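All remarks here apply to the structure that follows.
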Amino acid sequence: MSYQDEEEQIGYQVGSFPKDFGYGNFDHEDSNSRSAEDKPRILLMGLRRSGKSSIQKVVFHKMSPNETLFLESTNKIVKDDINNSSFVQFQIWDFPGQIDFFDPTFDSDMIFGGCGALVFVIDAQDEYIEALAKLNQTVTKAHKVNPRIKFEVFIHKVDGVSDDFKMESQRDIHSRATDDLADAGLEGVHLSFHLTSIYDHSIFEAFSKVVQKLIPQLPTLENLLNIFISNSGIEKAFLFDVVSKIYIATDCSPVDMQSYELCCDMIDVVIDLSCIYGSKDDPDVAAFDDHSSSLIKMNNSTILYLREVNKFLALVCIIREENFSRQGVIDYNFLCFREAITQVFELRLKNQKLEAAEHSQDHDSDYQGSIPSTGTASQNFDQHMSNTAVA
Ligand SMILES: Nc1nc2c(ncn2[C@@H]2O[C@H](COP(=O)(O)OP(=O)(O)OP(=O)(O)O)[C@@H](O)[C@H]2O)c(=O)[nH]1
């Protein structure tokens, strides 16, 4: 088998997700789209049947978890182009489980060279000794080619195991994997571990963290969210990529799984309602747009409040009912926040264009001087947010 024999699956669409929100039909921000080669790459690796393709299909193609039972084994590298919004642009490469790094057709420089993150999937319901050996081999090889790769280990299929077993497996896998790396002389290589399952939100949460590490503007986005929530009396806020339901940023307070699940469910409700009742005049136009908003009152004196940032991003906030009395202030602050996010988008686009121009001209001109650094940008956005009112 040749690893060069790759299959492109761009714009793939599975399942019954409403037409307006599938990847194939999504009206991309063309001007912000980058060519596939320029995008950061996420590699999905692991032993056969560990669940790699299922993860990709469930998170990015709305496949229902039960349908993954019928997935066939992957026997070539499958590339998938994810192009949801300016911040969520990357390629996912799904590898066959039986990949052999010593095969002469395996071009490790090409494969690991442009890689941003490597997700290694370990089946927690199976013996993991062989998987750990493969993980060690993979990290050693990849790190040698590209020391900047972020390594993410998904201890997967934890739906079928008890909480005690989950914790024990994570501890054991963590210590064995780091010991193996130390034995190989790679003490400095950091591995992040996540307990995941396609049958709950854990896989979306884990993928959110993987994707966030590939967004250079993350500190700026987090800073904006911190200012927004502290001035508006909000408990927690997530900035969501609407299509995949992964969150690309949140404020600095800790994320609890229940809050994240509630916010994900709210997005589903809003999209479903938009599809059923919105845009009667033109069915091809998505009813979910930058004017969409939604408010759900819970029976525990908490409010879920969703506002569209643009067609691709939504801000979902958890607010105590008593703090929602001055909704006007929250709405005003949201407009400031949205304006600041738009500026981050514009700056990112400008930087990407400059980088592309620099790349194509293939010379070391001093463009750097004209690219505003994220630090400067962050200060500018903070200034913008200083207009916010305090609730
Ligand atoms: N219980 C459980 N089963 C899962 C989970 N994720 C995947 N599976 C099942 O695991 C089996 C293998 O999944 P695949 O996605 O085909 O695995 P793969 O790693 O892509 O396999 P190869 O293509 O052979 O390398 C399927 O039957 C899935 O339904 C999970 O989170 N929990």
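Quick caveat, the model's predicted, so the values are computed rather than measured.
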The single option from L273, I267, D272 that satisfies side-chain contact (heavy atoms from CB on, under 4.5 Å) with V269 is L273
Original post:
Is the distance between the ring centroids of F151 and F193 under 6.0 Å?
Top reply: no
With a 4.0 Å cut-off, would you call D180 and R176 a salt bridge? no
Check your understanding: Taking the six-membered ring of F238 as reference, does the NZ or CZ atom of K236 fall below 6.0 Å from its centre and within a 45° cone about the axis?
Key -> yes
From the list T250, D256, D251, side-chain hydrogen bond (donor to acceptor under 3.5 Å, both in side chains) partner of S253 resolves to D251
Please evaluate residues I77 and I111 with respect to the criterion side chain to side chain contact (heavy atoms under 4.5 Å, CB included), reporting the C-alpha separation (whole Å), side-chain torsions for both, the decisive distance (0.1 Å), and the verdict. CA-CA 10 Å; I77 299 172; I111 288 171; 4.0 Å; yes
Rounding to 0.5 Å, atoms CG (L71) and OG (S53) come to a distance of 6.0 Å
| query | Are there more than 12 heavy atoms of other residues, nucleotides or ligands under 6.0 Å from atom CD of Q258? | reply | no
Looking at E187, I'd like to know if its CD atom is crowded, meaning that more than 12 non-hydrogen atoms belonging to other residues, nucleotides or ligands lie closer than 6.0 Å. yes
ask   = F154 and F120: aromatic ring centres closer than 6.0 Å?
value = no
>> Pair F112, I149 - check side chain to side chain contact (heavy atoms under 4.5 Å, CB included), show working.
In response: CA-CA 8 Å; F112 296 126; I149 296 181; 4.0 Å; yes
side-chain hydrogen bond (donor to acceptor under 3.5 Å, both in side chains) filter on K297, not counting sequence neighbours, yields none
With a 3.5 Å cut-off and no angle check, do the side chains of D265 and Y260 form a donor-acceptor pair? no
Counting only heavy atoms not in E130 (residues, nucleotides, ligands), do more than 12 fall under 6.0 Å from its CD? no
- Query: Between N300 and T302, does any side-chain donor sit less than 3.5 Å from a side-chain acceptor?
  - Reply: yes
Query raised in the report: Is the shortest distance from a Lys or Arg side-chain nitrogen in D126 or R49 to a carboxylate oxygen in the other one below 4.0 Å?
Result: no
- Query: Any ion pair linking K52 and D94 (charged N to carboxylate O, less than 4.0 Å)?
  - Reply: no
For residues 201-215, the salt bridge (charged side-chain N to carboxylate O under 4.0 Å, His left out) pairs (sequence neighbours left out) are E152-K213, E205-K209
Can you see whether D80 engages Q91 through a side-chain donor-acceptor pair at a distance of less than 3.5 angstrom? no
Checklist entry - Where the side chain of E67 meets the backbone of K57, is there a donor-acceptor pair that is under 3.5 Å apart? => result no
Is there a donor-acceptor pair closer than 3.5 Å between any side-chain N or O of R338 and the backbone N or O of E308? yes
Looking only at side chains, do S197 and D159 share a donor and an acceptor under 3.5 Å apart?
yes
- Task: Give a yes-or-no answer on whether the side chains of T220 and N223 include a donor-acceptor pair shorter than 3.5 Å.
- Result: no
Quick one: do the D164 and S162 side chains pair a donor with an acceptor below 3.5 Å? no
*Please state whether the rings of F60 and F207 are parallel, tilted or perpendicular, taking 30° and 60° as the class boundaries.*
perpendicular
query = Can you get from F204 to L315 by hopping between Ile, Leu, Val, Met, Phe, Trp and Tyr side chains that sit under 4.5 Å apart?
reply = yes
#### Entry: hydrophobic_cluster_shared for L214 and I203, side chain cutoff 4.5 Å
yes
